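The structure under discussion appears below in the form of structure tokens.
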Amino acid sequence: MALYRDEGVVLRTMRLGEADRIITLATPEHGKVRAVAKGVRKTKSRIGARLEPLSHVTMLCWNGRELDVVTQVEVLSSFRPLREELDRMVPAMTMLEIVDQVAVERHPMPELFMMLVGALKTLATSSSPLVLAGFCWRLLTIEGVAPIVECCARCGGPDPLVAFDGSEGGFLCRSCRRGQAVSPETVELVRRIVGGDLGGVLSEGPHGVDDDVEHLAVSAVERHLDRRLRTTRHLLDAAPSASPSG
Amino acid sequence: MAKEDATRLAQAIVEVKERTVLCSVCFNIGIAERCAICADDRRDGSILCVVEDPRDIVAVERTREFKGRYHVLGGALSPIEGVGPEQLRVRELLGRLEPEGVTEVILCTNPNLEGEATAMYLARLLKPLGVRTTRIASGLPVGGDLEYADELTLGRALEGRREVDA
């Protein structure tokens, strides 16, 4: 069928020609979609604002040979809180970058899509680093590489688990330890998140190890993708200072 | 195309390439070390308009509403494309504030995600320095019909409404 309708979350956009853009979207039924949106860079475009990264939309597209063409767009949610606060925007962009990496064109991915929309909604109400962490752990589960958190990933031994190693696929006990050292609090928090209690964890407020859990989750995803993510919180840490004048 | 037209076009391109340089102060395109705007003493040096691209200066200048000076960042934050603060002329912007006596910085980046991220990032850097930091308004294009406006733009236009002077 030449014309199709689907939901989508805009992952990224790229300038094309004078006033067009190539929009990359994550959709439940058509997987990753790359489509041309014509004239959207002009201020009078009706759909330009609707096709910004992070927008959750329903759209009507023509099937093209290489690129589809977006003809109609309606916004379901623009996730405004994520656009107006840098501390929420960066983890949201990290999620988009991860989905862009794992999604396959024309390959339906309803579970991944629902998870992305859910995570963005959660992030719109909570700026906790654990939202991104929860997204990453859940994504690894969907990808079939869920972390081993209940016992040592190497020998199967019980607690205490003292390290995390992505190549082993989870936490390690004292005698097998390698990779990154972790605190008992981190182990417990990751267990609860992987076990599906993200809502409960978020309702408790900061735990003191939230940043560590996020870092661990992002590292695990980077290992799975076999590449470093470009969009991380640390990107904005290095604030440049004024150069000497003259 | 006639041969002489092609030659003139080729010469014009070569001339542009040979004569234009980036302004050492604001990074606008000019034909001298300081561009025409930076060299103009009548411009108000206390207000700095930060734009992504030299083309944006042309757009703002067309309004004839702005009499201050500019700073060209050379892009917008786009981590996914590998553009972080280090790739933009942020350090140079901060270096201009004190020597030039800048009291207000207008963040005139594009009203898209990258432009908004850049504006928020710069505001975070500039506000602690005691510089008034403002963002250009978003709203409806003059001459357009309200019914054709998209909901995001119209929402922002409503949010940024102002009192009408009677």
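No experiment lies behind these values; they were computed from the predicted model shown.
- Considering only heavy-atom pairs separated by less than 4.5 Å from chain A, the leading option among B:E98, B:E151, B:E114, B:R96 is B:E151.
- Atoms OG1 and CG, on B:T153 and B:L158 in that order, are 11.0 Å from each other to the nearest 0.5 Å.
- Annotation: maximal heavy-atom pairing with chain B below 4.5 Å, among A:M89, A:E97, A:M93, occurs at A:M89.
- Residue-level contacts of residues 55-64 of chain B with chain A, in order of numbering, are B:R55; threshold 4.5 Å between heavy atoms.
- Within 6.0 Å of the CD atom in A:E105, the count of heavy atoms belonging to other residues, nucleotides or ligands exceeds 12.
- Interface with chain B: from residues 71-81 of chain A, residues A:V75, A:S78, A:R80 qualify, criterion being any non-hydrogen pair under 4.5 Å.
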field: B:L94 vs B:L126, side-chain contact (heavy atoms from CB on, under 4.5 Å): CA-CA, chis, key distance, verdict
entry: CA-CA 8 Å; B:L94 299 177; B:L126 294 169; 3.8 Å; yes
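- You'll find the side chain of B:C23 stays beyond 4.5 Å of the side chain of B:E33, heavy atoms only.
- In terms of modelled atom types and a separation under 3.5 Å, the side chain of A:R88 and the main chain of A:L123 share a donor-acceptor contact.
- Only the side chain of A:E52 comes within less than 4.5 Å of a heavy atom in chain B; its backbone stays farther off.
- Contact check on B:R135 versus A:E84 returns no salt bridge, with no Lys/Arg side-chain nitrogen under 4.0 Å from an Asp/Glu carboxylate oxygen.
- Formation of a donor-acceptor pair under 3.5 Å by the A:D20 side chain with backbone atoms of A:G39 is found in this model.
- B:L152 touches chain A through its side chain: at least one heavy atom from C-beta onward sits under 4.5 Å away, while N, CA, C and O do not.
- For the pair B:E15 and B:R8, the salt-bridge criterion is not met [side-chain N within less than 4.0 Å of a carboxylate O].
- When each of B:D150, B:L140, B:L113 is checked for heavy-atom pairs under 4.5 Å with chain A, B:L113 comes out on top.
- Expressed to the nearest 0.5 Å, how far OG1 of B:T118 lies from CG of B:L77 amounts to 4.0 Å.
- Under a 3.5 Å cut-off, the side chain of A:T24 and the backbone N or O of A:I22 do not form any donor-acceptor pair.
- With no hydrogens or angles considered, a side-chain donor-acceptor pair links A:D210 and A:H207 at under 3.5 Å.
- For A:R12, the part lying under 4.5 angstrom from a heavy atom of chain B is the side chain only.
- Proximity of A:F135 to A:L116: side-chain heavy atoms (C-beta onward) are separated by under 4.5 Å at one or more points.
- Heavy atoms closer than 4.5 Å to chain B are found in the side chain of A:L54, but not in its backbone.
- Counted by atom type alone, A:S55 and A:R83 present one or more donor-acceptor pairs between their side chains at under 3.5 Å.
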